[in-house]
Amino acid sequence: MAEKLTIRDVDVGGKRVFVRVDFNVPIDEGTGEITDVSRIQAVLPTIEYLIGQGARIILASHLGRPQGKVEESMRLAVVSRRLSQILDKHVAATRDCTGAEVEEAVATLKNGDVLLLENLRFYPGEEKNDPTFAESLARLADIYVDDAFGTAHRSHASIVGVAKLLPAVAGLLLEKELRNLGGLLKNPAHPFAALLGGAKVSDKVAMVENIMGKVDCLLIGGGMAATFLQVLKYEVGLSLVEKDLLDTAARLIAQAKEKNIRLLLPVDVVVADEIKAGTKVDVVSVEDIPPDMRIADIGPQTIKIFEEELLRCKTIFWNGPMGVYEIPRFAEGTQAIVRLLAGSQAKTIIGGGSTAEAVAGMGLSEKMTFVSTGGGASLRFLSGETLPGVAVLLDKA
Ligand code: ADP
Ligand code: MG
């Protein structure tokens with residue numbers, strides 16, 4: 001796909017710039033306060049650049065799943081307050097995202113001012129990509145900017161509809177996402193390893209198939225390892241096996257062999273009789289998984305083997321925790337990998353919501369080359385799909 005124009009390529013000074021951001025932040029139900037501001041932090045470079053250029057900035061986002069109607073608990077005012085603090089600058093919030101009140105608020109913006117529109121998903125037209133709704137948003141602005149990579153795989157009004165009606169360019173976060181993830185597909189430094197985990201194979205098959213031609217090694221941990229181990233005739237006890245994906249797993253194993261890709265599966269695992277804290281736990285070879293236990297993490301031998309393999313690599317893409325990292329007893333494999341990647345000289349690219357959370361939880365996000373802000377979107381992108389929100393942006397000449 002051609003490279004996309006960004007906010008640096010267009011004249012934004014004095015213009016009304018509609019910026020689709022992802023302010024879908026976690027909010028504490030009790031206090032109503034934001035518990036993690038990383039999604040706000042991620043778009044600061046774009047907002048600060050636009051302020052510096054004297055643009056009139058109109059931010060738009062969704063928050064939660066209000067199902068096309070107003071939900072008081074999903075208003076974006078809480079974000080505008082926090083953003084005002086972070087920017088040390090007043091960010092006004094409107095109580096709607098279209099209509100007369102909003103048009104007036106936009107008309108009073110001066111160069112460098114920032115306005116945050118109300119939750120886009122209060123309107124059913126957002127998710128339906130309704131043309132009238134898209135038009136009512138487009139009317140507010142001169143230029144469209146997409147900086148919401150996490151939703152770029154969705155054909156919603158604020159992502160595709162508005163972008164078709166205005167000159168549309170990428171924000172700095174979107175640019176960074178496309179550059180880092182695109183680099184994995186285009187010209188990765190070799191050896192290139194993909195380290196995959198998480199709960200299910202089904203989420204990741206398309207991505208794995210697409211990167212099969214590029215990687216030198218494929219390391220598989222997490223819950224998804226069970227399906228592969230089953231194909232290789234190991235007893236996996238009560239571990240989650242995706243029966244309808246056994247053929248796919250077998251095909252991937254055969255493909256790896258054919259393409260000379262080193263495929264590493266766990267040699268030992270932490271097993272538990274139930275996935276919860278304080279139950280019976282054991283560390284066993286994959287040859288000895290008891291029939292009444294299930295895989296909850298990779299074992300110490302596997303950690304060592306994975307570490308040795310990853311230390312040889314120049315590019316590492318990681319998607320999916322190695323175990324049920326939410327429970328400390330099953331977090332060791334994931335934590336060992338986070339530490340290893342944090343200390344690695346390789347290009348380290350992290351994708352996936354849980355994986356990013358595990359890295360952030362250890363305070364090591366900054367030590368990675370790049371942590372993607374898009375879970376589903378990054379998988380779709382690495383599957384080779386053209387994301388509708390990206391396709392709609394103007395190409396570089
Ligand atoms: P990401 O969000 O990073 O893409 P996934 O959504 O694919 O990752 O998977 C994350 C989930 O996988 C976590 O909730 C984790 O507990 C779960 N998981 C990892 N290993 C196992 C396992 N062995 N058994 C069950 N669930 C697992
Ligand atoms: Mg996930």
Side-chain angles (χ1 to χ4, degrees), residues 24 26 36 38-39 149-151 153 177 181 184 194-208 211 218-230 234-242 245 249 265-277 279 281-284 286 289-290 293-300 302-303 306 316-338 341 348-362 364-365 368 370-383:
N24 187 25
D36 178 3
S38 40
R39 289 195 169 163
F149 179 72
T151 54
H153 57 310
E177 292 275 1
L181 296 175
L184 292 176
L195 170 64
L196 307 176
K200 292 196 284 176
V201 185
S202 42
D203 297 342
K204 323 234 156 143
V205 174
M207 182 267 291
V208 178
I211 60 172
L218 197 55
L219 298 83
I220 297 179
M224 69 187 277
T227 301
F228 287 84
L229 290 170
Q230 171 110 322
Y234 290 101
E235 160 75 55
V236 295
L238 301 177
S239 307
L240 174 81
V241 169
E242 286 168 276
L245 282 170
L265 288 166
V267 296
D268 63 345
V269 285
V270 177
V271 289
D273 56 356
E274 269 184 90
I275 300 289
K276 59 177 197 194
T279 55
V281 169
D282 204 356
V283 179
V284 296
V286 288
I289 298 173
M293 306 274 272
R294 60 190 87 217
I295 300 173
D297 196 5
I298 55 173
T302 306
I303 293 176
F306 280 16
I316 302 169
F317 170 63
W318 181 24
N319 174 281
M322 293 293 103
V324 185
Y325 73 100
E326 297 94 334
I327 300 170
R329 183 68 189 80
F330 310 130
E332 278 172 36
T334 301
Q335 290 178 353
I337 296 290
V338 173
L341 265 54
T348 46
I349 311 269
I350 314 297
S354 294
T355 318
E357 189 181 277
V359 175
M362 292 173 71
L364 292 172
S365 306
M368 305 299 169
F370 185 67
V371 181
S372 175
T373 57
S378 68
L379 287 179
R380 299 279 193 94
F381 181 86
L382 292 174
S383 304

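Atoms within each ligand, like the ligands themselves, are counted from 1 in listed order.
In terms of the salt bridge (charged side-chain N to carboxylate O under 4.0 Å, His left out) criterion, Arg294 has no residue partners (sequence neighbours excluded). Considering only residues two or more places apart in sequence or on other chains, Ile303 meets the side-chain contact (heavy atoms from CB on, under 4.5 Å) condition with Ile298, Glu307, Ala336.
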Could you tabulate the donor-acceptor pairs under 3.5 Å formed by side-chain atoms of residues 348-361, not counting sequence neighbours?
| unit_1 | atom_1 | unit_2 | atom_2 | d |
| --- | --- | --- | --- | --- |
| Thr348 | OG1 | Thr369 | N | 3.0 |
| Thr348 | OG1 | Thr369 | OG1 | 3.4 |
| Thr355 | OG1 | Gly320 | N | 2.7 |
| Thr355 | OG1 | Gly351 | O | 3.4 |
| Glu357 | OE2 | Tyr325 | OH | 2.8 |

Does ligand 1 have any N/O pairs with the protein under 3.5 Å, and how far apart?
| unit_1 | atom_1 | unit_2 | atom_2 | d |
| --- | --- | --- | --- | --- |
| ligand 1 | 2 (O) | Gly353 | N | 3.3 |
| ligand 1 | 2 (O) | Ser354 | N | 2.8 |
| ligand 1 | 2 (O) | Ser354 | OG | 3.3 |
| ligand 1 | 3 (O) | Ser354 | N | 3.3 |
| ligand 1 | 3 (O) | Thr355 | N | 2.8 |
| ligand 1 | 3 (O) | Thr355 | OG1 | 2.4 |
| ligand 1 | 7 (O) | Lys204 | NZ | 2.7 |
| ligand 1 | 9 (O) | Ala199 | N | 3.3 |
| ligand 1 | 12 (O) | Ala199 | N | 3.0 |
| ligand 1 | 14 (O) | Glu326 | OE2 | 2.5 |
| ligand 1 | 16 (O) | Glu326 | OE1 | 2.7 |
| ligand 1 | 16 (O) | Glu326 | OE2 | 3.3 |
| ligand 1 | 20 (N) | Gly223 | N | 3.2 |
| ligand 1 | 20 (N) | Gly323 | O | 3.4 |
| ligand 1 | 23 (N) | Gly223 | N | 3.3 |
| ligand 1 | 23 (N) | Ile295 | O | 3.1 |

Does the pair Arg329 and Asp297 meet the rule for a side chain to side chain contact (heavy atoms under 4.5 Å, CB included), with working shown?
CA-CA 9 Å; Arg329 183 68 189 80; Asp297 196 5; over 6 Å; no
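With values rounded to the nearest 0.5 angstrom, Glu242 atom CD is found 7.5 Å from Asp203 atom CG.
In the displayed structure, Gln335 atom CD is contacted under 6.0 Å by more than 12 heavy atoms of other residues, nucleotides or ligands.
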